[in-house]
Structure formats: C-alpha cells, structure tokens
**Q** 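Quick one: this structure, given as structure tokens, is what I'll be asking you about.
First the proteins, then the strands, lettered A, B, ... as listed; each starts at 1.
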Number of protein chains: 2
Amino acid sequence: MNFQQLKYVRETVRRNLNLTEAANALFTSQPGVSKQIRELEQELGVEIFERRGRRFVALTEPGKAVVEIVGRLLEEADNLKRVGAEYADRDSGSLTIATTHTQARYALPPAVAEFRRRYPKVRLSIQQGKPQQIVDMLERGDADIGVATESLDHAPNLLALPAYDWWHTVVVPAGHPLEQELRLSLDDLAAWPIVTYSPEFTGRSHIDEAFAARGVSFEVVLTGIDSDVIKTYVELGLGVGIIAAMAFDPQRDTGLRAIDVRHLFRVNTTRVAIRRGALLRGFAYDFIELFAPRLTRKGIERAAAAERAADTFEI
Amino acid sequence: MNFQQLKYVRETVRRNLNLTEAANALFTSQPGVSKQIRELEQELGVEIFERRGRRFVALTEPGKAVVEIVGRLLEEADNLKRVGAEYADRDSGSLTIATTHTQARYALPPAVAEFRRRYPKVRLSIQQGKPQQIVDMLERGDADIGVATESLDHAPNLLALPAYDWWHTVVVPAGHPLEQELRLSLDDLAAWPIVTYSPEFTGRSHIDEAFAARGVSFEVVLTGIDSDVIKTYVELGLGVGIIAAMAFDPQRDTGLRAIDVRHLFRVNTTRVAIRRGALLRGFAYDFIELFAPRLTRKGIERAAAAERAADTFEI
DNA sequence: TATCCTTACGGAATTCGTAAGCATG
DNA sequence: CATGCTTACGAATTCCGTAAGGATA
C-alpha cells in the first residue's frame, strides 16, 4: 500500500470512475493507474470498483468504505506536509479563501489589506463562487477558509463558526415614495417589484421566509448574485432593492437611499468555515481573527476539539 | 513520503528514540531506518528528532506534531486493511482481548464459549494484564477490545462503555465470627486483617475510598491480583477477603462463606473499551454484545460518532 | 571502549511509460 | 469504431542490506 495508489483511487472517484481522466489529471499514464489500483485491490483482498467488462461502473460495498478511509488518509498526509511548511517558515505559504461576491466586495477587504501587510510572503487567493461551490472547494481541500452566509453550516465535514451578524436593508432611488414610510411593512414592500439576490445567496432564504410567513406574495423582477448589479438596477428604477446592509455606502451610492428593515427579516449570520480535520497554517488563523476578531485561534481549536471530546458514554 | 518512513518514525518514538532498537523490532537494517527518517525530514523540511552529535535525544517541536499525525495515518492504514479483511471473509480473522484476571476468569468465559462456537475461524486471543497494560495495548493497537473495571475511562484515546455493574463481597472461612453479623460495618471489617486486590486492580480504589471516608484504617496482609489467590489464603485463615462478588461460587468454594456488603462499598462498573478511530471487525462487535448485551453495534457506533458530532459552535 | 547514528556502495525490487490487446456501447 | 481498461515489456528509479566511518558517554 502506498500513497500513490490512494491518490489514484481518490482521483478516479472524483472523475466519475473514469481512469483515463484520472490519469490525465494526475499527469501520469493510464496503464500505471490501472495497475496500481489493481494492486491495491489485491493487497486489500477486495474489489474497490465494480467493473462491467473493462469499464468501471460503480463503487463496490467495501469500495465505499475504502474511499472514505482513503480520503482521511490523504488528508492527514496533507496535514503532515503543512506541519513541515509551518515550522520551516511560518510567514510564507499560500492561503485560499472561497467566498461569495458580497463578502469579497464588502466584508473581506479590510482583513485582506491588513493580512497582506502582515504576511507579504503568503500567496493569498480569493475564489468567488456560489455557497455550494464554496462547500465543495473546502471539502476537496482546494480552499482553506470559506466565508459565506448560506449553506456552510449544513455540511457535516465542515466546521462553521459565526463571524458577524448583519441585516438586510431596502434600497430605493432618492425620492421614492417608500422613503416617506416611518416603519416599512412587508405589504408595503410587496406592492413594488423587488430586485434582490439569487435564491442560493447571501441570506436570500430569510427574505423568502419572511414573505411566506406573512402570506404575502411578491414579484422579483431581477435577481443578481451581486449587490452592485442590484443597486445599479434599483437606481434605474426597475424596482425596490433588498440587499445586505453592508453593501450600501451612503458616500458612494448617492442616488440611492437605504431604509432600515431589521424588523422585517431575520438576522443573518455570516460564517467562517474550515474543513474538519484539516490543519490550518498559523497565518490562516490570523486571517480569520482579522476578519472576525471573536474567532481566536484558541476558540477555533476548542470548537474543533469539541467534536472529539465525547467522554465515556452511558447508554 | 511513504508508509515505511512513517512506521520507522513511530517505532523509533516507541523505542525511546533508539534507532537500533527500532530497526531490530521491525526486522530491518538500522542504516535503512536512519536513511528513511532522514529523507522524510528532508521532504517535510523540518527535523523530527533532536540530535546531540549522532544520538537522538528528543522530539523537536514540529516533531511532536508530526508524530501525532503519523499515528493517525498509520491507524487509518490499519483500518483500510481491516475493511479488506472484513469483506473478504466476515467470519475469519483475529480478535485480541486485553483484560484483567477477574474478568478473564469469571466474567468472560460464557461470551468466549459462545463466540468460539459462532466464529470457529477467528483466532481469539485473551491477553491478561494490569489495567494500565490494557490501556497501553489498546492504544498501540495490540488489542482490539479491553475489558476492565479501572483506568479505562481515563484514557482520552479510548472509548469506554459500561458493560455491567457489580459489587464487592466479603469472604470468610466457614464458621468465622463475622458470619454472625447481620449487617457488617467498616469497623467490623477493619478489626480483621484484610486480603484483597492490588491497588491498581478490580475496583480496589472503591475499597480504599470507603475506609478513608469513614476514617478507618485497615491492615492489608496480602494483596493478590487474583481472586483465586485471595480465596486460597482466606481459606487458610490469613484474614478476611474482599473480592468481586462474581468471583465467589457457593458450589465450588465450599470452605468459604460470602457476606453481602453492598452497603459498604461503591458499585463498580466494568467497562468495555475500544480505541477511538479504530475500525472494528463485525465479529468484534458481536463479541462485545455477547459479553454485554446492552452494548449493541448500533449503540457503540452512536457513542463513537458522538465524538465527531459537534455541531456549529457558538462562541 | 561500547553504543549508536551516518555515509558509501552495489544488487534487488519496484515503478512507470510505451505499445499492443480486448471489451463495451 | 471510439472509448476505455488490461497486459506486456524494458528503462529508470528507488529500496535495502552490508561494510565502514565518526561522535558521544
């Protein structure tokens, strides 16, 4: 058994059981992959892949168990390499953050700026994607840190920690009738066409939820994944915008007015997520703390340890 | 990086950083071990071992982290092999149980008998040792299941599950004055020389505790690790015995009388322990259930999962 | 001086890529 | 017949044991 074989297995699974693709992805020859996998199966005494003729069509029952363990093995191997990197040079390496547009544009910049100043030698990469893509990237080990408001706390392999809370705000063009309302109601809002985020994004679920609970139907005339797009169309008079409060900047958005609607929609919690079992570089902890000061390294490690801390179990 | 290197590192640590011993233990040459470790260090970019001249004297700081991860890696590798064995043939393999004398002699036999009947192809091995040795064997992976009353629930890497409760009983030679007492007190007992277990054994701590709480001093004239030894000397009139109730058999121990003293000493809980993170063969679960019917496979897996089940953590 | 790690070197085993073979859709 | 896994074989690499070297207690 060797790590090469394990990598081949993992990649083959990731590539939908296509050996040829897996071999290409790993820059090696396809027969080599074939042979190594076969040898691993022989050593373990079970078939990992179910073959029809000469094609892989599924994972066998033991294969599923094998793949799960292989994942953990390769993860620990990564951790081992990180230990090396961490002690060899604490201030260099790479850090990949997967996040949504709103976070990248409005929440992360201060932390990123300070981080770059502190760790000029770290190659920092920000990957923008939908919440589900963020989860995938974290789970595959393609990102070290995820930042988003939706989805993160439903993935069992991730540890999602609350970073900060925020509310939605309504934005309208200057001079809009709604500006006069003292305390906006959902019915007031529903009277207008709505411009807001795509369903999978940035707290959108809380918006739908509030209208649904009130039994009010509302018309979304434009959904953007992007607060800037939404603001642009609101300014053009397309409808009333509902965006994250931090995406409104009175200095810049001079043609718009924000209306406080904290009483209408549930609070949103943006979370920082990391993969359970992954070893974080020291500077990764620092980044998280820069972004969300209450998430200290100690606190995070405590939270991560909590999953292992089950004491004697009384049935 | 390969598994060979990891094994060498683990064994070197286990052998108190003595490369030569490690090489012997692994039936290989010492220069080979030296080279592989050096190469691993080079690959990781850190020294794992601190050297003084040409001798290993300690683990470096990163070395400690490395050793921890290496342990997990090799454990998962073991799990992988077990998956193979489990599916290749569910009814054969080997099962090692580490336990104390009292358990081996009085508690385990029925389960062992039934297990042998059900799984004739499994090589069953019972290893007898002190509680601390049992813990060590489990942690090293030298035993699959531990059964004991003491120590097991203090080891963080073990999952200790309650199997059954039992009480101490006093044994005296037939015709002994204490036989007449209706309800024995600690003072009654302390008037006689005591014959009981060694301090680290079979609920001995509860005995000391009870006398200490009452402020009574007592004289132990003989400590045995072994209920049979204790009974033998009680029969010879050396003193009054305190043993586990299940070790007294009225049929066989005709020269002795047992006196119920449940009111004097705390109840003892015998536990079944397994290593956290270790994969158990199907028949291992069956053995546990034969021994302690309330410990079903489902329940055990639930208990094991509890340690990973930490949900989103609110600071 | 005994113990113990490192270096050097040569034979053995493993790995890996190319080329050719065969089964499925 | 195009795709995709397996088998065969030879070159390159890696592994591993023996022998010798150097450093510490």
Side-chain angles (χ1 to χ4, degrees), chain A residues 1-60 62-63 66-67 70 73-74 77 80-81, chain B residues 1-60 62-63 66-67 70 73-74 77 80-81:
Chain A
M1 183 187 342
N2 58 49
F3 285 103
Q4 195 84 295
Q5 295 169 334
L6 306 184
K7 277 187 211 161
Y8 289 174
V9 167
R10 178 176 68 177
E11 198 60 35
T12 301
V13 172
R14 285 185 175 174
R15 303 277 165 183
N16 289 314
L17 313 186
N18 184 321
L19 259 198
T20 309
E21 265 191 55
N24 289 337
L26 297 170
F27 305 103
T28 185
S29 74
Q30 178 271 325
V33 177
S34 174
K35 184 154 189 244
Q36 291 295 325
I37 287 183
R38 191 158 279 272
E39 280 179 8
L40 179 61
E41 290 181 321
Q42 205 152 26
E43 184 178 345
L44 296 181
V46 291
E47 297 223 310
I48 298 169
F49 298 102
E50 201 175 310
R51 291 142 167 98
R52 181 158 18 244
R54 297 206 163 186
R55 233 156 263 230
F56 288 5
V57 294
L59 282 171
T60 61
V66 165
V67 166
V70 164
L73 270 164
L74 291 173
L80 206 49
K81 286 181 202 133
Chain B
M1 185 189 339
N2 58 48
F3 284 103
Q4 194 84 296
Q5 295 169 336
L6 305 185
K7 277 188 210 159
Y8 289 174
V9 167
R10 179 176 66 178
E11 198 60 35
T12 302
V13 172
R14 285 185 175 173
R15 303 278 164 181
N16 290 315
L17 313 187
N18 185 325
L19 261 199
T20 310
E21 265 190 56
N24 289 336
L26 297 171
F27 305 103
T28 184
S29 74
Q30 178 272 324
V33 177
S34 174
K35 185 154 189 242
Q36 292 295 327
I37 288 184
R38 192 158 278 273
E39 280 178 6
L40 178 61
E41 291 182 319
Q42 207 152 27
E43 185 178 345
L44 296 181
V46 291
E47 299 225 308
I48 298 169
F49 298 103
E50 200 177 311
R51 292 144 166 97
R52 183 165 9 252
R54 299 206 161 185
R55 232 154 266 232
F56 288 5
V57 295
L59 282 171
T60 61
V66 166
V67 165
V70 163
L73 269 163
L74 291 172
L80 206 48
K81 286 181 201 135

**Q** With sequence neighbours left out, what residues match A:R15 under salt bridge (Lys or Arg N to Asp or Glu O under 4.0 Å)?
**A** A:E11
**Q** Expressed as a whole number of angstroms, how long is the span from A:E43:CD to C:dT14:C1'?
**A** 13 Å
**Q** Compute the angle between the rotation axes at the two ends of the helix from C:dT1-D:dA25 to C:dG25-D:dC1, each taken over five pairs, rounded to 10 degrees.
**A** 40°
**Q** For B:F56 and D:dA25, give me the distance from atom CZ to atom P, rounded to whole Å.
**A** 15 Å
**Q** Give the table of side-chain donor-acceptor pairs shorter than 3.5 Å for residues 26-37 of chain A, with sequence neighbours excluded, one pair per line with atom names and distance.
**A**
unit_1	atom_1	unit_2	atom_2	d
A:S29	OG	A:G32	N	3.3
A:Q36	OE1	A:Q5	NE2	3.2

**Q** Classify every nucleotide of nucleotides 18-25 of chain C by which part a protein heavy atom approaches to under 4.0 Å, writing B for the base, S for the sugar-phosphate alone and - for neither, in 5'-to-3' order.
**A** BB-BBBBS
**Q** Give every pair of a protein N or O atom and an N or O atom of nucleotides 9-11 of chain C that lie under 3.5 Å apart, one pair per line with the distance.
**A**
none

**Q** Give me each pair satisfying ring pair (Phe, Tyr, Trp, His ring centres under 6.0 Å) with a member in residues 29-54 of chain B, each pair once, sequence neighbours excluded.
**A** B:F49-B:F56
**Q** Among residues at least two apart in sequence or on other chains, which ones pass salt bridge (Lys or Arg N to Asp or Glu O under 4.0 Å) with A:R55?
**A** none
**Q** Taking salt bridge (Lys or Arg N to Asp or Glu O under 4.0 Å) as the cut-off, I'd like each qualifying pair that reaches into residues 16-27 of chain A, sequence neighbours left out, listed once.
**A** none
**Q** With no hydrogens and no angle check, is any side-chain donor or acceptor of B:N16 less than 3.5 Å from a backbone partner on B:N18?
**A** no
**Q** Which heavy atom of B:V57 sits nearest to which heavy atom of B:L17, and what is that distance?
**A** C-CD1, 3.6 Å
**Q** Could you list the residues that satisfy side-chain contact (heavy atoms from CB on, under 4.5 Å) with B:A58, not counting sequence neighbours?
**A** B:E50
**Q** Strictly below 4.0 Å, heavy-atom distances to any atom of DNA chain D: list the hits from residues 3-28 of chain A, or just say none.
**A** A:L17, A:N18, A:L19, A:T20
**Q** Using the test side-chain hydrogen bond (donor to acceptor under 3.5 Å, both in side chains), find all partners of B:R51 that sit at least two apart in sequence or belong to another chain.
**A** B:E41
**Q** Take atom CD of B:E39 and atom C1' of D:dT13, then tell me their distance rounded to the nearest Å.
**A** 12 Å
**Q** Any donor-acceptor pair under 3.5 Å linking the side chain of A:T60 with the backbone of A:E47?
**A** yes
**Q** List the residues meeting side-chain hydrogen bond (donor to acceptor under 3.5 Å, both in side chains) with A:R14, not counting sequence neighbours, and say none if there are none.
**A** none
**Q** Find the distance A:R38:CZ to D:dC5:C1' and express it as a whole number of Å.
**A** 8 Å
**Q** Send over the distance from B:Q36 CD to D:dT13 C1', rounded to a whole Å.
**A** 14 Å
**Q** Might you point out which heavy atoms bring B:F3 and B:L74 nearest each other, and give the distance in Å?
**A** CD2-CD2, 4.1 Å
**Q** Provide the closest heavy-atom pair for B:L44 versus A:L80 in the form atom of the first, atom of the second, distance.
**A** CD2-O, 3.8 Å
**Q** Atom CG of B:N2 to atom C1' of C:dT15: distance rounded to whole Å?
**A** 13 Å
